[in-house]
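Side chains included, hydrogens not; waters and symmetry mates left out as well; all remaining heavy atoms used.
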Amino acid sequence: MNLANVFELSVVHLHSCKSLSRRRRGEHCGSGLSKFYGPSGITPDNSGNLFVADTYGHAIRKVTRAGVVTTFAGGPGLAGITDAIAGVARFNSPQGLTHDSAGNIYVADMGNHAIRKITPLGEVTTFAGTPGVKGSADGTVAIARFCKPGGVALDAAGNLFVTDSSNGTLRMISSANVVSALAGRAPVYGEFDGEGAVVRFSSPYGIALDAARNMYVTDYLGQTVRKITPSGLVSTVAGKANSTGFADGVGASALFFSPRGIVVDSGGNLIVADEANSTVRKITPAGTVTTVAGAGSAGYVDGPAASARFFALSAITNDAAGNLFVADTGNQTVRKISPSGVVTTLAGLAGSTGSIDATGSAARFTSLQGITNYAQGNLYVTDGNAIRKISAAGVVTTLAGKPNERGDIDGQGAAARFSGPHGIKVGANGNLFVADTFNNTIRMITPAGAVTTVAGVAGRFGVRLGALPGGLSQPYDLALLNDKSMVVTTSNSVVQITLP
């Protein structure tokens, strides 16, 4: 099967911001011991106060000159699309911030694909785009469309400039409230089933194979789970395209909110890490969706599956005994769900981040993204810029890279460097394959910890077919057909890589 001939690959595009895949919870505010969760954009006002986009907390925070922190707009940890006053308003992974001479703040509301405006009194309105609707369209602010805008800046004439990250374009919103593209070219994406060039994806993320070599892909921004047959026919298994929510049901009646990790169990069921709903969902071969664990709200609770709580699940794997293991990214823990439906924490401590090799709750993680399992119950996770190993007893060690040091270096163990790796899979011979997302490469790690680059070129964006190394655009996940062949989600497409 040559997937390169089956799918139309998107136009090469730049990606100036972090992936939406890392939606996380904000912490309650106050002073002194105030906490942020993934702060990114920052802008001052005319009085010397600072306003911070608490990206994974889905809120805009205010820091006075005296260091007092309050939530200015949005509800910490509560993603949404509501225009309203202050704490009633909702954002979804806000990033860039800027302000005008009147004290209005403009927000690149990345997860909502819109530019929002906050008055000095805290009233939030949508300035450009339609929250929750992605696209690439110029025109008046009401009809314009963006896709994961990351940064904003104002000039002296009142023109607002936007880095429209997933569209790979620089956009301008004129003082007359008209949106136009200044540079770059948007990729082709959407939600179209079928075969060949008509097929479209919207940020395909997780990928898994069943026994018949069907591929299942979580369409992260499309809010669906898609199936690709060995012949290349694409269909939607569950979820309603471009509709977020939390609902069990059959096919399109079920709703997801940023489905991300996916694995196939021994019965042919699909198990999905439904990131923004903070739940684990199951899809039967007939397309019936049920909730395995969690209840659609973020938190941290071990115990029976129905009462357990997770926070921004990013990845999921299973073992031969039917246990599920999830990367509970918002809580920075690795959790286990037994076949009887009991949730326990295998490693990490909820609410505590860091990079500590230790056992169980004494271990610390920086930014869990991917997870896979191997023989004797060992798990491997991508964490920050490193690959970590977790034994069946919960002992955490670092196999390769350093969580807080980004780079692109092949080498042995701690001498190697990665840049935001996400997906990870292990082959039958024990080699690990890693989607090194922000390096735009696929890396291989031998059981002895030797790291090499097997596909893609670090720092070069764009899908390039043909002889290796080829080219990739922020690969997020991969599935192994065998130890020499894999399929990879990258740049609104699924491609196949065959190693020598």
Side-chain angles (χ1 to χ4, degrees), residues 18-29 33-39 54-59 75-79 92-93 111 206 246 257-261 271-281 291-317 323-338 341-371 379-384 386 388 390 394 396 403-404 422 424:
K18 299 176 187 175
S19 169
L20 181 64
S21 67
R22 295 179 293 279
R23 286 187 180 120
R24 298 175 190 162
R25 176 181 61 187
E27 302 293 339
H28 293 296
C29 40
L33 297 178
S34 296
K35 295 182 180 179
F36 296 88
Y37 219 107
D54 197 7
T55 301
Y56 307 137
H58 311 297
L78 301 174
N92 190 344
S93 303
F246 176 60
F257 196 169
S258 301
R260 189 169 165 187
I271 311 298
V272 178
D274 192 4
E275 185 187 45
N277 279 324
S278 298
T279 56
V280 178
R281 315 285 291 280
T291 298
V292 174
S297 59
Y300 175 74
V301 179
D302 280 341
S307 59
R309 294 293 181 271
F310 305 88
F311 180 26
L313 300 174
S314 62
I316 190 165
T317 191
N323 296 296
L324 296 171
F325 301 90
V326 294
D328 190 4
T329 304
N331 285 317
Q332 298 302 346
T333 56
V334 175
R335 314 281 291 280
K336 175 182 177 180
I337 308 171
S338 72
V342 177
V343 179
T344 54
T345 299
L346 180 63
L349 182 66
S352 297
T353 62
S355 178
I356 300 176
D357 286 346
T359 301
S361 61
R364 296 291 183 273
F365 299 97
T366 297
S367 179
L368 290 164
Q369 297 298 331
I371 189 169
L379 300 172
Y380 295 92
V381 297
T382 53
D383 178 38
R388 317 278 295 277
I390 309 171
V396 179
N404 297 312
H422 280 59
I424 182 169

Supply the atom-to-atom distance [X] [atom1] to [Y] [atom2], rounded to the nearest 0.5 angstrom.
X	Y	atom1	atom2	answer
Arg281	Ile271	CZ	CD1	11.5 Å
Ile316	Asp328	CD1	CG	11.0 Å
Leu368	Asn331	CG	CG	10.0 Å
Ile356	Thr353	CD1	OG1	9.5 Å
Arg260	Thr329	CZ	OG1	5.5 Å
Leu78	Asn92	CG	CG	11.5 Å

Locate the shortest heavy-atom distance separating [X] from [Y]; write the atom from each residue and the value.
X	Y	value
Ser338	Asn323	CA-OD1, 3.4 Å
Thr366	Asp383	N-OD1, 2.8 Å
Arg388	Ser355	NH1-OG, 4.0 Å
Gly294	Thr279	C-CG2, 3.7 Å
Ala315	Gln369	CB-O, 3.3 Å
Arg364	Ser352	NE-CB, 3.4 Å

Note, Arg309 side chain near Ser297 side chain (heavy atom, < 4.5 Å): yes
Test of understanding: with side-chain contact (heavy atoms from CB on, under 4.5 Å), list the residues that count as partners of Ala306, not counting sequence neighbours. none
Side-chain (His58) to main-chain (Ser93) donor-acceptor, under 3.5 angstrom: yes
Do any side-chain atoms of residues 343-351 form donor-acceptor pairs under 3.5 angstrom with protein atoms, and if so which ones, sequence neighbours left out?
residue	atom	partner	partner atom	Å
Thr345	OG1	Tyr300	OH	2.6
Thr345	OG1	Asp302	OD1	3.3
Thr345	OG1	Asp302	OD2	3.0
Thr345	OG1	Arg335	NE	3.3

